[in-house]
Q: 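Okay, here's the structure, questions in a sec.
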Amino acid sequence: MANQRLGDYVFVFNPDNMSVVETKKLVGKVNTDQGAAIFEWPAILQGTEFVLSWNWMYETQYSILRKKYIQTGVTFEWNPQTGGNTYEVVILDMNGKYFETLLHGGPYRENVEMLLSVNSQMSTTTTTTTTTSTTTTTT
Amino acid sequence: MLSLNATLAAQQDEQIRQPLMELVSSQFIEDIPFDGQYFNSSTTKEEHPSMIALSNGRLANVFIRPGGKIYLIYSDTDKIEWNEILLKDETGEVYHVSICEISTNVIGIFYVQYSSSTYRLKYMLVSDVGVVNTDGTIIESYAAATATVASANVIKLIDDSYMVVYQHYNVSTEIYSIMERTSADFITWSAEAAIILTGLETTSKKDNPSLVDTAANGLILTFDYVDDIREDGEERVNIYFCESLDDGATFDVPVAITEKDKYGDSAKHPLTVEKLDGKIILTYYDETTVLRASGLLTDGWIADPVYGNCSEESGSVVNMHYDPSTGRLYMTLVRAAIGGKPCCGVIVMDVVTWTVVRTYNTSTTPAYSSLYESEFIFWQKDQGEGPYVPISVVGKSWACLINDEDETIIHYNFADNETWSLVKNIDHDIIGGINSTYVDASAKRFYIYWSHRSPWGKCYQTIGYIDITETADPVSGKYTWHEIVRDYEWGEWQIAGGLKVFQIVPEADIIILACYGSFGDAVQHLKVYSLSSGNIIKDYNSDDTPSFHRYGCAWPVYYNGHIYGDVLYTSTHGQGDRRGLMDIDLSSDMIVYHMPSWASLDNYQLMQKVSMEDGRIAMIVNVAPKGVGVFDSRDGTWIHWGEDTLSGLSSGMLASLGPIEYDAETGNIFVGSMTSADEGVFMFNELGAYKIAKYLIAEYDTLWFFDEPANMIIGYNDYELSPAIDSSGVLWSTWTRIDGTEYSLKWDSENPNFNLSDYVISGSEIKVRWDVESNNKLSFQCSHGHFFDPQNLMSILSGVLRKKRKITLRFGDKISGINYWQDQGTFVITSTSLSYQKGDYPIISVNCEDKRCLWRGEIVATEAYADQWPEAIISSILQTYCNMESTEIQIDDISNRHKIWHQFIGTTVKKAVQEILEHFGYFGYMNVDGNFVAKRLDPNASTDHEYSDLSKSIGFTSDDSFSDFTNRVVVKGEGRYFIEVLYTQESVGSLNGTIGWWGEKIVKRVYYSEDRERTCRDPVLEVIQSVADFEIFKMKGGGTQYISSVDDYEKWIEITIEAPNLVGIMIANVILILATGIFAMACDWGKFCGAMIFALSLLIGTLFYMLGCVATYNYNIFAKPIGHEKQTFQNEANDFPTQRELDGQVITQSIDDPFCYTVTSCGDVAGYEMDVLIAQRNRVKFGQIADLRIEIGDVILRDHPYSGEEIRTFMTNLDRRYKKPSGPGKTDGYFLDDVQGWRQIT
């Protein structure tokens, strides 16, 4: 699987876990005296939330993603590299913890989670594998 | 039970539903004429807007601010919000900017820039959000000494090339041309070419050319053209129209499409857009210096109930005042025919819209007495203020006061008037008749000035007031007169004659009373009294103050310690140099005369005056040159507006001028015209001409056919519209608005229904409530609160949820992919709330009620309904007071109806309608179609809908908390007719006096009351002191008294009192005296002399005693007063089971019902009420899946959740709640009904 892209940034590390991005039906269920009533509304994609999570990542990747998170009034194209659609998303939340290791000199972040909300589905794109863009984006 | 589409009705029984909801905002009135909204609250001048709708959905509007600044205001592609950006800060000034779309996201701007004595045509290219792509670039320059260019208008032609037209003026040849240039790319422009306009004078001004390339039929050029110009420069301008079928190479012969035929009356600045249906809308504005209103020109002008339209009978505006707080102009009109001047009405005009708001006369509600239609109502005698309009009968004793705020009229009668049934309601001892009146709205005082010229060479002046807030004494019905001045020390000819001689100046605490004229060559006075004490402060006359004019002062007006008034010229008495305006300085008593500058005359007839509150005095000039004059006390200068100096005025309008008023805020001057041919009122503005935006719609059918012009914008200070049609066909427009001296841009659009459905917050509840006792209510919440915020002027959506907007709600179901809808009613937004807080998304909460929330206005008095069915009365009330159409009132014949005789007084529409319906056991509500309907409030009605099981039921609650223990209802009513009744005997009069001895018989008439109107029966005479008790009378049997006659009309009795005739005894006594005297004369010879003398003295004493004696009588009369009362009926309904359960305790509720005319009717009403009271003890609540078939008043049959027994419920309340889940994956949505009602116990 190629590395995912958020806006102009190609992830160094893809998420370790990722919920599926798909439309969801709006439903209401109310119990009645002798049964239940079900109310259904058309499925929607906009507003659907999903989570990307990493067990650990470089602080550099974390900083880049965090800069995107704190921007307001902007949406990002997210390419999950699943061979299908890309999505216009808004980053709702992002969290991580410090993670120092002995074997590697650089700082890390662990248990990083990013909550995103889909604004719209964009056109289908081809999967890219340009991992070298990391250098560009971190400079 | 509502009738639904069969598929939708069947769906209501399903357990799985796909609910639909639609909320739409619209307005109750027509979209056009626009009222407009400002883009901002800036006071910097903004003008010359140019708007287009871009293909990407945005609206773009360029305009100019002073100093050469070009701005762009653009919307987002969804047309939600305005954004403003400065595009260009040019050197010098910029004129007439114009805009067109170049390509997606690119705008071309064409403008005229002026600096260093040079005009330049320029263009620039910017993005749709105001990023400058190509800065201002010169196309051509013109030395101002050679030529001027102006009024550029650029468009994109259908072939995607560009064309611009503009005015060109050759200074040396004085030729006006309309030039055109073309461009393929908006960058390279062709040389200019003059458009040949066949038939038009080359040297006549042509201006404001504009183009539209129509799909229907070629290129259209419109412009304004000076048809004629007068020597003084006044122009007559019309809009001309011509077409080109060869992309502007040639145009056909221009034709005028407006018909201005008066100088100073112009049509200007045409701009045309093509609608999606191929019709064109041509906007322009009328420029006129004078606005008029009259019976011939204005809708709603008063119709004289006696003589027809006031205007047709030469109705004249004789008294007038302006209320700046409401913008209303109040005018009293009389029928100015020769002879009497009866009042034909009072007109209330809204000055902003220049329309009639309301009228008052003898046939309106409220109405003033017909007396005022038969007596003289004089010119400039009654000065109103605020919402108060006084009317008085000159020289008589009657006045009334209209309060337009409360829509009431109070009659103040200082004397009875039998003809018009006016009863004196103010006690006073004033000599004379009413001269003038004045209202002080702040102090709530109605001042009245009385004058009288006595036959003994004195003139009497009396001034006082009535407290407007005083209500009549409940017993006597009388008001109180508060006298301030009583001055009877005026000379024979020193009566305050003429018109408007009486002024109250509360801010200076003075009363001014002026005399004027050469009557008897008398020295005339001007007196100033203290308003608070009534003491005289000044008495100006030429004997004491030689500089004061001998013939006094007319139409005085006060400003800043000075009184200004007109003088009557005379060359005698050393007055030869005194002309014009007399100026009295109250502090120094210095008096000077100011002569108007427009003419040299002896008499200027400077009549009615009004202070302009800045040192200027405006006044009527009623001698040639007639018009309005203004004296500026700050520098002694004069201004004159007349036929020669203010176009729009005509000699006819100025022939006889009446009252004058001034609005300092806007500069408007109002003048009442009393000319028979040009009656009414006219208004002009000291700052310049009025601009009234208009539009014409034209359709092409071998030719362009134009409809009649109509107003595009409400008001008369809006001009230079720039219309645009968006991709949905909605008309938008921006224009320049003048507010006093401030120029601002406004915008508006046709208000297509705005669908709010997508803005309703998921997870929030839409709740609609129906209730038999109150208005339908709707509440919901929307996202984008910052855009819907009514205070956010930069939001295009700020008006969508503004208070008073109409909201329409629909619910429905999606069935097999098809949407099925059911209306849920229309509502009025009653309140919105929104708060901004950091971290919280702005959500706006909206509350609505149905139209009945507008039925709270007070009805002073309805017509007296007689012999009318209840449905007809309700319909009449709703149509009269709520502007409802008959089709909106759908009340079937009430099942147990009877006719009604009633007049509603001092109530509201809602109460009046409710009273009628409740009498018949009905309730009214607005149904889902927005119509007012009535249903029987019948707890025992038959079942409308049956639910076979509990699969749709949610909970069940018994709730009798609204009930009480009432077990008897007593209803009282009155018959329609008065019947005669006798009251208990009481003392109704007395009589006392004396009667003589000579057999006197007197008959005394005793009325039962002082006003001789009271009727009584069975009179009885109580003798307190009888004539028979008189001792002397006993000599002859005593006297008698008795009731000798009773009035056939039972208003009096006659008492006859008789005394015995003692004349014989008297004569005998005299004879005896004479005999005794004669005998006594010779008593010297005997011894009887002393005895004789003694006897004689006794006899003489007896005689004198008898001559002087009278008998006293004293009676009291008792009788039974006769009265007339309506017969009272009463009936009751009982809940006997409850009475038994309470061990016989009877708990009664009494009701007075004005519509119960019979015992049976009382019983019916008592029965309805008892049914409801019993039903309240069986109140239940339950929920269920929303069922769009049901409505309040239905009876639902369902099972009890525990016992399974059938429960039949009359539905009194229904809450329908709709909630879409709060987000994807959430399951908290629902669509439910909460029902409350009365369980039927059968």
Side-chain angles (χ1 to χ4, degrees), chain A residues 17-53 69-75 78 80 82 84-95 113-123, chain B residues 11-21 757-758 760-763 765 783 811-815 817 819 838-839 947-957 1182-1187 1198-1202 1204 1207 1217-1234:
Chain A
N17 287 295
M18 180 178 80
S19 47
V20 179
V21 180
E22 52 194 3
T23 57
K24 287 187 177 174
K25 189 168 71 173
L26 300 178
V27 180
K29 178 174 174 292
V30 177
N31 291 328
T32 65
D33 292 346
Q34 286 180 353
I38 305 294
F39 304 101
E40 296 178 317
W41 286 267
I44 57 171
L45 180 65
Q46 191 196 14
T48 305
E49 296 175 1
F50 65 98
V51 178
L52 304 182
S53 61
Y69 162 60
I70 62 174
Q71 287 184 55
T72 57
V74 292
T75 57
W78 178 58
T82 53
N85 300 319
T86 65
Y87 302 93
E88 182 189 21
V89 297
V90 177
I91 306 172
L92 299 180
D93 198 5
M94 186 178 173
N95 293 297
E113 277 194 352
M114 182 182 268
L115 178 64
L116 299 102
S117 175
V118 178
N119 197 41
S120 66
Q121 178 180 298
M122 303 181 78
S123 57
Chain B
Q11 184 69 11
Q12 306 309 301
D13 292 326
E14 298 297 324
Q15 296 296 111
I16 300 175
R17 305 269 293 272
Q18 296 181 58
L20 301 171
M21 177 278 300
S757 309
D758 290 341
V760 173
I761 294 175
S762 292
E765 189 174 77
S783 65
F811 285 136
D813 280 276
K814 188 169 210 166
I815 307 164
N819 293 342
K838 197 170 181 179
Y947 294 100
S948 57
D949 56 37
L950 295 174
S951 61
K952 293 169 191 62
S953 299
I954 304 166
F956 182 89
T957 306
F1182 54 87
Q1184 62 178 36
I1185 302 170
D1187 187 339
R1198 52 157 286 165
D1199 293 342
H1200 188 279
Y1202 182 75
I1207 294 178
R1217 297 182 291 128
Y1218 171 99
K1219 186 169 96 170
K1220 208 170 174 178
S1222 51
K1226 304 287 173 57
T1227 59
D1228 53 351
Y1230 52 74
F1231 186 34
L1232 304 172
D1233 284 345
D1234 295 328

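Chain letters run A, B, ... following the sequence lines, proteins first, then strands; residues in each count from 1. Only heavy atoms go into these numbers, but all of them, side chains included; no hydrogens, no water, no symmetry mates. Quick caveat: nothing in here was measured; it's all calculated off a predicted structure.
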Q: Please find the pair of heavy atoms, one from A:Trp41 and one from B:Tyr1230, that lie closest to each other, and give the distance.
A: CH2-N, 3.9 Å
Q: Is it the backbone or the side chain of B:Pro19 that comes under 4.5 Å from a heavy atom of chain A, or both, or neither?
A: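 Both backbone and side chain.
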Q: If we define contacts as heavy-atom pairs under 4.5 Å, which of B:Glu14, B:Lys814, B:Gln18, B:Gln1184 has the most with chain A?
A: B:Gln18
Q: By a 4.5 Å heavy-atom criterion (distance strictly below it), what part of B:Phe1182 contacts chain A: side chain, backbone, both, or neither?
A: neither
Q: Looking at every heavy atom in both B:Gly1229 and A:Val30, which two are closest together, and how far apart are they?
A: O-CG2, 4.2 Å
Q: Which bit of B:Leu1232 is near chain A, if near means a heavy-atom gap under 4.5 Å: side chain, backbone, both or neither?
A: side chain
Q: When rounded to the nearest 0.5 angstrom, what is the spacing between CZ in A:Phe39 and OG1 in B:Thr1227?
A: 12.0 Å
Q: Judged by atom type as modelled, is there a donor-acceptor pair below 3.5 Å linking the side chain of A:Asp33 to the main-chain atoms of B:Gly955?
A: yes
Q: How far apart are the closest heavy atoms of A:Gly28 and B:Pro1221, and which atoms are they?
A: N-CG, 4.4 Å
Q: Taking every heavy-atom pair that is under 4.5 Å apart, which of B:Ser951, B:Ser1222, B:Ser762 has the most such pairs with chain A?
A: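 Heavy-atom pair counts peak at B:Ser951.
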Q: Of the listed residues (A:Leu45, A:Val27, A:Thr23), which shares the most heavy-atom pairs with chain B below a 4.5 Å separation?
A: A:Val27
Q: At a heavy-atom separation under 4.5 Å, does B:Lys1220 approach chain A through its side chain, its backbone, both, or neither?
A: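 Both parts, backbone and side chain.
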Q: Can you tell which part of A:Gln46 gets under 4.5 Å to a heavy atom of chain B, answering side chain, backbone, both or neither?
A: backbone
Q: Is there a side-chain contact between A:Gln34 and B:Asp1199, using heavy atoms and a 4.5 Å cut-off?
A: no
Q: Heavy-atom distance under 4.5 Å to chain B: side chain of A:Ala36, backbone, both or neither?
A: backbone
Q: Answer with side chain, backbone, both or neither: which region of B:Asp949 has an atom nearer than 4.5 Å to a non-hydrogen atom of chain A?
A: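 For B:Asp949, backbone and side chain are both near chain A.
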